[in-house]
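For the numbers below, each heavy atom of this structure counts, side chains included, while hydrogens, waters and symmetry mates do not.
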Amino acid sequence: MTEAKFQKTIRDYYRKNRRSMPWRPRTGERLSPYHVVVSEIMLQQTQVSRVEKKFPPFIKKFPNFKALRDAHLKDVLKEWKGLGYNRRALNLYRLAGDIESRLPKTYRELLELPGIGANTAGSILAFAHNIPHPFIETNIRAVYIHFFFKDKKKVHDKELMPLIEKTLDKKNPREWYYALMDYGTHLKKKGENPSRKSTHHIKQSKFKGSNRELRAQILQMIVESPSTMEKVQKRLTDASEHNIEKNLLDLVYEGFLEKRNTIYSVRK
């Protein structure tokens, strides 16, 4: 398929099937860079359907960077419950603290913010500022593999990036990336997931019974009420003393918790 035909196919589909998302501005509505940042961090490793439910109440509770920056971390973690990977909530909270007035408009500055990697920086440039910058996420990856690498089993992102750069709409990258992501979702709804042919495809490990689950349980307990290690052990009887202590120490080290005497509480 030629690049021109590819672009037309994606645009034609988008015109007829554009998805409505709580973080996407409606026609005539002013876009909020804050909404973009919150949604992009929420969408890291999390299904869109879960984010669609959690995004509106989070924004209602913390409507802008200042409100988030001035909030207690405990309240942020409470609102984040159900999204998983609590480290993203901590990164978002720290990010709000690092932003003085306006969201940075350069790739390098965005990379300096907590929790912002290469692809998230590119997506923020495109969605928040409409600045063209090539980046890859799972739906974009699926689309390019579907159209340009149908007969190849192991596709590296280095092979996709030149095509992403060549076909990028420099005038309106925001809408172009929306279109790509919507088409990627369309492919998966059809039962096709070309991303499985990517060398970067990783099957998510089971949460049930994992240390991630134990860690989340410990954090949630202390978000609800400050606790000693002994109290945590009494409630989580299936976990060993060693694993509970290790996770508590990790949560303190990472900045979630603080310990005063024997009491663990959410860091202020």
Can you tell me how far the CD1 atom of Ile244 sits from the CZ atom of Arg215, to the nearest 0.5 Å?
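Separation between the atoms: 14.5 Å.
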Selection residues 40-60 - residue pairs positive for salt bridge (charged side-chain N to carboxylate O under 4.0 Å, His left out), sequence neighbours left out:
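Pairs touching residues 40-60 that pass the test: none.
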Just by distance, with hydrogens left out, do [X] and [Y] show a side-chain donor and acceptor under 3.5 Å apart?
X     : Y      : result
Tyr14 : Glu175 : yes
Arg88 : Thr46  : yes
Gln44 : Thr120 : yes

Side-chain heavy atoms of [X] within contact of [Y], under 4.5 Å:
X      : Y      : result
Leu95  : Leu68  : no
Leu214 : Gln217 : yes
Ile124 : Ile116 : yes
Glu258 : Ser265 : yes
Gln7   : Trp176 : yes
Arg24  : Phe127 : no
Leu43  : Met21  : no

Name all residues meeting the side chain to side chain donor-acceptor pair (under 3.5 Å) criterion together with Asp75; count only those two or more places apart in sequence or in a different chain, and write none if there are none.
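In terms of side chain to side chain donor-acceptor pair (under 3.5 Å), with neighbours along the sequence ignored, Asp75 is linked to no residue.
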Under a 3.5 Å distance rule, please check whether [X] uses its side chain to pair with a backbone N or O of [Y] as donor and acceptor.
X      : Y      : value
Arg267 : Phe256 : no
Glu245 : His242 : no
His129 : Pro104 : yes

Which residue in the set Arg19, Arg15, Arg18 passes salt bridge (Lys or Arg N to Asp or Glu O under 4.0 Å) when paired with Asp182?
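Running salt bridge (Lys or Arg N to Asp or Glu O under 4.0 Å) over Arg19, Arg15, Arg18 with Asp182 returns exactly one hit, Arg19.
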Answer with yes or no after comparing the ring centroid distance for Phe62 and Tyr34 against a 6.0 Å cut-off, counting only values under it.
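No, they do not, as the ring centres are separated by 6.0 Å or more.
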Ion pair check, Asp98 and Arg94, cut-off under 4.0 Å:
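A salt bridge is absent here (no side-chain N lies under 4.0 Å from a carboxylate O).
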